[in-house]
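A quick write-up on the structure given underneath.
These numbers come from a predicted model, not from an experiment. Ligands are counted one by one from 1 in listed order, and the atoms in each one are counted from 1 as well. Atoms considered below: every heavy atom in the structure, side chains included; atoms not considered: hydrogens, waters and symmetry mates.
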Amino acid sequence: MDAQTPVTILGFAGSLRRASFNRALLRAAAEAAPATMQIRIFDLAPVPLYNADIEAEGDPDGVKAFKAAIAAAEGVLMVTPEYNHGVPAVMKNAVDWASRPPKGAVLDRKPVGIIGASPGVTGSARGQSQLRQAFEFTNSYAMPQPELLVFRAHEKFDAEGRLVDDATRERLAAWLVAFEAWVRRLS
Ligand code: FNR
């Protein structure tokens, strides 16, 4: 890939909540991305719960759009909350749809970046770790390091969901540079 051509990234957050810190973090990532990286945001609201009966009748429109958006991107950015020390259903459900059918799935050999935010002190660490396990089966290239754990998220975003913490902004910018290099190496 030409180093001047921007890498294309499909980003989605595993929360449907309007004031979600993870959706806010994804927006901040899209804004902070280097000029050589374009992050398109996909909203998971139209992706229904996975059901093999529905899948057998043909992917619903929301799933078709989701899979097509992943296929069109060179890398995928997943911004995950943590629920009960694990990955929330909204995020896992999206990964499950994108893993189907197992042969030729859009996640196969796709570079993946995982970040996340939580009001707690662990900053979604366990949610991120659990999400990472899925990529052993989907054969996706999840970037191992650096990590980005946005802890005490309620102190890092303002009421409009803007990232207002300078240290987090710097860590996010450094993470994006590393992710771009990861995607370019593997595309
Ligand atoms: C949570 N939350 C939470 N936080 C955390 O750090 N570790 C956890 O295990 C949990 N568990 C948990 C379970 C359930 C069911 C809910 C609803 C919440 C708090 C969670 O991090 C917080 O609600 C975030 O704001 C969720 O992310 P968004 O929606 O802001 O992106």
Would you mind listing each N/O atom of ligand 1 next to any protein N/O under 3.5 Å, plus the distance?
unit_1   : atom_1 : unit_2 : atom_2 : d
ligand 1 : 6 (O)  : Ser118 : OG     : 2.6
ligand 1 : 7 (N)  : Glu82  : OE2    : 2.8
ligand 1 : 9 (O)  : Glu82  : OE2    : 3.3
ligand 1 : 9 (O)  : Asn84  : N      : 3.1
ligand 1 : 9 (O)  : His85  : N      : 2.8
ligand 1 : 11 (N) : Asn84  : N      : 2.8
ligand 1 : 27 (O) : Asn22  : ND2    : 3.3
ligand 1 : 29 (O) : Ser15  : OG     : 2.7
ligand 1 : 29 (O) : Arg17  : NE     : 2.9
ligand 1 : 30 (O) : Arg17  : NE     : 3.4
ligand 1 : 30 (O) : Arg17  : NH2    : 2.7
ligand 1 : 30 (O) : Phe21  : N      : 2.9
ligand 1 : 31 (O) : Ser20  : OG     : 2.6
ligand 1 : 31 (O) : Phe21  : N      : 3.4
ligand 1 : 31 (O) : Asn22  : N      : 3.1
ligand 1 : 31 (O) : Asn22  : ND2    : 2.7

| Any ring pair (Phe, Tyr, Trp, His ring centres under 6.0 Å) pairs touching residues 77-106, not counting sequence neighbours? | Tyr50-Trp97

| Just wondering, more than 12 heavy atoms not from Lys67 lying within 6.0 Å of its NZ? | yes

| Centroid-centroid under 6.0 Å between Tyr141 and Phe135 rings | no

| message | Quick check on side chain to side chain contact (heavy atoms under 4.5 Å, CB included): which of Leu10, Ile41, Ile115, Val183 does Leu77 satisfy it with? | response |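 Single side chain to side chain contact (heavy atoms under 4.5 Å, CB included) partner of Leu77 among Leu10, Ile41, Ile115, Val183: Ile115.
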
| said: Using 0.5 Å steps for rounding, measure from the CG atom of Asp96 to the CE atom of Met91. | reply: 11.5 Å

| query | Is Arg184 salt-bridged to Glu180, cutoff N-O under 4.0 Å? | reply | yes

